[in-house]
Each structure stands twice: as C-alpha cells, then as structure tokens.
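Note that this is a predicted model, so its numbers are computed, not measured.
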Amino acid sequence: MSATPTPSRILIADDDPDVLSALRLLLRGEGFEVHAVGSPARVLTSVESDDFDAALLDLNYARDTTSGREGVELVGRLRDLDPTLPVIVMTAWGSVEGAVAAVRGGARDYIEKPWDNGRLLATLRSQIELSAALRRARRLELENRLLSPEGAPALIAESPAMRPVLDMIARVGPSEASVLVTGEHGTGKEMVARILHAASPRAARPMVTVNVGGLAESLFESELFGHERGAFTGARNERLGRFELADGGTLFLDEIANVPPAQQAKLLRVLQTGEFERVGSSRTRRVSVRLVSATNADLRAEVAAGRFREDLLFRIDTVEIHLPALRERREDLPLLAAHFLERHAARYGRRLAGFEPEAMEALRGHPWPGNVRELDHAVERSVLLAAGDRVRASDLGLRPAEGGGMSALEHLTLDQAEKELMRRALKRCDGNVSDAAKALGLSRSAFYRRIERHRL
C-alpha cells in the first residue's frame with residue numbers, strides 16, 4: 001500500500017471570526033491542515049512553537065485597520081523567525097500599496113478580499129511547492145559541506161579475525177538498530193559506519209558525521225541542535241544542527257566517550273524522543289535518524305567510574321561491533337597495502353609495480369600502533385619517495401623493531417606469533433621444511449601440522 005501524504009499545515013490569521021471560518025472551511029475541504037489565530041502576537045507564538053508549510057495573513061488588525069502597517073511589521077518578524085516560510089498577505093482595501101510593502105518586506109504574494117477561491121488555492125499551492133524546493137536545496141547545500149564526496153568504501157578483510165565483523169555488518173546493516181563501533185584509533189570505525197549506512201533503507205538520505213568528543217562544551221548544543229539568529233554573540237544567521245541535517249538518514253557520532261557529562265543528558269533526550277530545540281528557540285523540532293556511534297574507550301568502565309551515563313550507553317549500544325587491531329589481522333596486510341599503493345599511485349601520477357620483498361617484510365613486522373590509518377600514511381609516504389618502480393623498505397619510513405623485528409611479536413597473540421616465527425624460518429631456509437623445523441626445535445611432522453593449522 002502507498003503511504004498517505006502528510007497534509008500541508010497552513011497558519012491563517014485575521015481579526016474577523018467570519019473570515020477565519022470561511023478560510024478554515026475552504027482549506028480543510030481541499031485537504032489542508034489549518035491552524036487559525038486572531039492576532040499578530042498569536043501568529044508569532046504559533047510560528048515559534050510549531051512548523052507550518054505556509055502562512056495566510058491579514059494585513060489589517062484592530063490596532064491599525066487601514067494602513068496595513070501592523071501586517072507589514074508582522075511579515076518582517078516572521079521572516080526573521082523562519083526565512084523559508086512562505087507568507088501570503090490579504091488586504092480588503094482595493095489598493096495594492098500595503099500589499100506591495102509587505103512583499104518588499106518578505107511576503108511571497110498577496111490576495112485581495114473578497115478573494116477568488118481558485119486564485120487563493122493556486123497561489124497557496126504554488127508557494128508551498130516553491131518553499132519545499134527551496135528548503136530541499138538549502139538542506140542539500142549544507143549536507144554537501146559536511147559529507148564526504150566519496151561513497152561507502154570497500155572493507156578489505158579476508159582474515160579470520162574480521163569474519164565476525166563482516167557477519168555482524170551483514171546482519172544489522174539493513175536494520176534501524178543503533179550500533180556502537182569499538183576499536184583502537186585507526187581501525188576503520190568510520191568506514192564501518194558508512195558501510196552500515198549504505199546497507200540501510202536510509203542509504204538515499206545523508207550520513208552526517210560529527211566528532212562529538214572534539215566539540216567545545218560551549219558549542220555542543222549549537223553544533224548538534226542548531227541555533228537561531230541572534231541566539232548568542234556571533235550568531236548572525238540561523239544554523240541547522242547535525243540532527244536536522246541527518247533527518248531521514250544516519251548520524252555518526254565519533255569519540256562519543258568524550259561527551260562532557262553535562263551534555264550527555266541533552267544527547268539522551270533527543271535519542272529517546274527524536275525531539276529537540278535549537279539554541280535560542282522554544283519550538284520543538286522532530287527528527288528521525290539512525291544512530292551509529294564509535295569509541296576507542298571501554299564505555300562500561302567509564303560507566304563504572306561515573307563518567308558516562310548508563311542509560312545513554314543502553315540507548316547507543318543496541319548492537320556492538322568490535323574492530324580488531326591491525327596486528328590481530330595481519331593476513332590482511334598485503335591486501336591493504338596493495339589497495340593503498342594503487343590509490344595513492346593514481347593520486348600522485350606514479351607508476352609503481354608493487355613492494356620489494358624487504359618492504360613487505362617490514363610491513364609484516366611492524367607493530368602498527370596506529371593501525372590501518374598508520375599503514376595508509378606509510379604507503380602514501382612511500383609512493384612519494386619511491387625512486388624506482390617498486391617500493392623499498394626505506395621508502396616506508398618505518399622504524400625497525402629492536403632485535404631484528406622481534407619486538408613486534410609482543411603485540412601478537414600466541415597463535416599469531418607462532419605463525420610469524422614459522423613464516424620467517426621458512427624464508428630464512430628458502431622454503432626447506434626440514435631446515436625450518438630444525439631451526440625452531442620442532443620435528444618435521446609437528447612443523448607440517450602447524451603449517452596446515454596456520455594455512456601457510
């Protein structure tokens with residue numbers, strides 16, 4: 001079944017109850033949702049507290065019944081409150097002077113009383129359509145400033161350590177579940193967030209990223225919820241917050257463990273209800289976002305220490321996806337290095353055939369405290385420095401590990417260290433299994449069993 005379209009909401013204002021009744025009857029009969037008020041003060045209160053698709057306002061009220069001055073002033077104040085709201089004015093005095101002044105002050109069009117129903121409805125519909133297009137264009141412009149021009153990146157992962165990650169992404173990606181992505185710095189948490197967004201029903205809408213841990217506490221609300229013009233010193237224009245920009249899409253909150261305790265309650269409220277107010281406004285706005293958060297911290301330990309709200313943790317952690325460190329997925333190193341080499345070679349116009357054997361050995365032996373991000377930077381540096389058609393170890397700029405690279409083993413699990421020692425022994429012995437087994441103090445049969453287990 002097709003969804004029933006939401007009716008357009010129209011604010012009408014006139015100090016004559018008969019006019020309000022006639023307009024209410026006409027507009028409701030055409031499928032509009034109508035909110036009627038009788039004074040400029042109530043118009044302002046209504047726009048401050050609710051959203052409308054258009055406003056149809058009388059120019060003349062009790063204070064000044066002929067010049068339209070009160071109505072013109074009202075149009076200007078509405079323009080300050082919501083520049084995208086289409087305002088159509090009505091005048092009963094035959095002269096268009098007041099209506100022209102209102103249009104100059106920000107009204108989109110005018111209607112003379114007594115009105116022609118057909119013209120009034122046509123004017124109203126065209127202004128609503130135009131305003132919707134302007135709002136969409138404005139939103140897209142703001143989205144394009146924040147969103148990466150690249151699409152969702154491919155996740156290069158063939159190691160056993162990454163199989164649970166790929167399985168979890170496949171299962172929860174198409175859902176609306178809030179996801180917490182954990183892992184060390186540089187493991188690719190934002191990449192996972194983009195893949196989750198691309199796999200979701202919200203993929204056609206934006207994914208907006210914000211490093212909430214990097215926001216100054218004084219700017220937290222303005223960045224996330226937006227602000228009105230004049231809300232504080234320096235607020236020269238209204239600003240849409242990240243929640244509004246992500247409406248209908250995905251909001252990625254990076255470094256969420258670093259949100260100050262005073263701001264966690266405000267974040268929890270919008271995540272629970274979908275409602276918030278811009279700074280400087282009392283109007284409650286509503287959004288629908290899918291939340292993906294990321295952190296390298298142990299949030300449960302943060303909760304135990306009193307630095308993170310437990311109810312906020314429950315809200316963001318419907319599903320947790322933990323990314324292993326690069327040292328725990330060394331099988332992916334050659335694939336990742338080749339991917340980065342191809343990308344950066346194309347970027348800098350270099351023709352490189354690959355890595356020299358000692359360069360690949362250096363990549364395998366490095367502990368990678370900065371994980372995939374550090375690998376990316378090392379390969380980019382090598383592309384810039386390479387003198388020949390292959391990357392040498394010296395081009396990578398990696399510090400050699402002490403003890404001939406043995407210190408890197410400290411960062412491996414026991415199985416990973418055994419596999420690495422076997423691989424090195426085979427290389428030293430030119431692939432001779434008997435010699436490699438002897439070098440490691442193993443029998444040939446024991447060495448073969450380990451070769452099969454580690455898939456060497």
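Relative ring orientation between Phe220 and Phe225 is described as perpendicular, the plane-to-plane angle rising above 60° on a 0-90° scale split at 30° and 60°.
Contact annotation: the side chain of Met162 approaches that of Pro324 to within less than 4.5 Å [non-hydrogen atoms, C-beta and beyond]. Using a 4.5 Å cut-off on side-chain heavy atoms (C-beta onward), Thr187 and Lys189 make contact. Leu59 has its side chain within reach of Val72: a pair of non-hydrogen atoms, C-beta onward, lies under 4.5 Å apart. Inter-residue side-chain proximity for Asp254 and Thr295 is flagged as unmet; no heavy-atom pair is nearer than 4.5 Å. In this structure, Ile12 and Val34 have side chains that are in contact, with non-hydrogen atoms separated by less than 4.5 Å. Two residues are said to be in side-chain contact when any heavy atoms from C-beta on lie closer than 4.5 Å; Arg315 and Ser178 fail this criterion. With contacts defined as side-chain heavy-atom distances shorter than 4.5 Å, the pair Phe355/Val379 qualifies. Residues Ile316 and Leu271 form a side-chain contact, since some pair of their non-hydrogen atoms from C-beta on lies under 4.5 Å apart.
Glu190 has a carboxylate O that lies under 4.0 Å from a charged side-chain N of Arg194, or vice versa, which qualifies the two as a salt bridge. Taking 4.0 Å as the cut-off between side-chain N and carboxylate O, Arg343 and Glu380 do not count as a salt-bridged pair. Ion pairing between Asp332 and Arg329 holds under the 4.0 Å rule for side-chain N and carboxylate O. Classification of Asp376 and Arg381 as a salt-bridged pair fails, no side-chain N sitting under 4.0 Å from a carboxylate O. We find that Arg307 and Glu302 are joined by a salt bridge, their nearest charged nitrogen and carboxylate oxygen being less than 4.0 Å apart. Salt-bridge check for Arg300 with Glu320: passed, with a basic side-chain N closer than 4.0 Å to an acidic carboxylate O. Salt-bridge formation is not detected for the pair Arg286/Asp247: no Lys NZ or Arg NE/NH1/NH2 atom is positioned less than 4.0 Å from an Asp or Glu carboxylate oxygen. One finds no salt bridge joining Asp167 and Arg163 here, because no Lys/Arg side-chain nitrogen approaches an Asp/Glu carboxylate oxygen to under 4.0 Å. The pair Asp50-Arg283 fails the salt-bridge criterion, with no side-chain N (NZ, NE, NH1 or NH2) lying under 4.0 Å from an Asp/Glu carboxylate O.
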Quiz item: For Arg108 and Thr123, what are the C-alpha separation, side-chain angles and deciding distance, and is it a side chain to side chain donor-acceptor pair (under 3.5 Å)?
Solution: CA-CA 9 Å; Arg108 296 279 184 83; Thr123 300; over 6 Å; no
Practice problem: Determine, step by step, whether Val212 and Asn258 satisfy the side-chain contact (heavy atoms from CB on, under 4.5 Å) criterion, reporting the C-alpha distance in whole Å, the side-chain angles of both residues, the deciding distance to 0.1 Å, and the verdict. | Solution: CA-CA 7 Å; Val212 287; Asn258 297 330; over 6 Å; no
Self-check item: Derivation and outcome, side-chain contact (heavy atoms from CB on, under 4.5 Å), residues Ile111 and Val89
Solution: CA-CA 6 Å; Ile111 298 290; Val89 296; over 6 Å; no
Exercise. Tell me, with the steps shown, if Ile88 and Tyr110 meet side-chain contact (heavy atoms from CB on, under 4.5 Å).
Key: CA-CA 5 Å; Ile88 301 163; Tyr110 67 94; 5.7 Å; no
Exercise. Take Thr182 and Ile321 through the side-chain contact (heavy atoms from CB on, under 4.5 Å) test and state the conclusion after the steps.
Key: CA-CA 6 Å; Thr182 60; Ile321 297 177; over 6 Å; no
Practice problem: Check step by step if salt bridge (Lys or Arg N to Asp or Glu O under 4.0 Å) holds for Arg9 and Glu33. | Solution: CA-CA 5 Å; Arg9 303 190 72 238; Glu33 183 180 329; 3.0 Å; yes
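How far CE of Met191 is from CG of Leu323: 10.0 Å, rounded to the nearest 0.5 Å. Here CG of Leu56 is found 5.5 Å from CG of Leu120. Values are rounded to the nearest 0.5 Å. Put simply, CG on Leu155 and CD1 on Ile195 are 4.5 Å apart, with the number rounded to the nearest 0.5 Å. Note: Leu121 CG to Glu30 CD = 5.0 Å, rounded to the nearest 0.5 Å. Rounded to the nearest 0.5 angstrom, Gln264 CD and Leu313 CG are separated by 10.0 Å. To the nearest 0.5 angstrom, Leu180 atom CG is 11.0 Å from His322 atom NE2.
Closest heavy-atom contact between Ala13 and Leu20: C-CD2, 4.0 Å. Minimum heavy-atom separation, Pro40 to Leu74: O-CD1, 3.8 Å. Thr250 and Ser200 get closest at one heavy-atom pair: OG1-OG, 4.5 Å. Leu363 approaches Trp368 most closely through the heavy-atom pair O-NE1, 2.8 Å. Of all heavy-atom pairs between Ile256 and Ser293, the closest is CD1-OG, 3.6 Å. The two residues Val279 and Ser222 have their closest heavy-atom pair at CG2-N, 3.9 Å.
Around CD of Gln272, the count of heavy atoms belonging to other residues, nucleotides or ligands within 6.0 Å exceeds 12. By the 6.0 Å contact criterion, CZ on Arg104 is open, its count of non-hydrogen atoms from other residues, nucleotides or ligands being 12 or less. In the displayed structure, Arg350 atom CZ is contacted under 6.0 Å by more than 12 heavy atoms of other residues, nucleotides or ligands.
For the 3.5 Å distance criterion, the side chains of Asn371 and Glu184 qualify, holding a donor opposite an acceptor. The closest side-chain donor-acceptor pair between Glu374 and His366 falls under 3.5 angstrom. Side chain to side chain, Arg125 and Ser8 fail the donor-acceptor criterion of an N or O pair below 3.5 Å.
The one candidate from Glu277, Arg278, Glu275 that meets the side-chain hydrogen bond (donor to acceptor under 3.5 Å, both in side chains) condition with Thr284 is Glu277.
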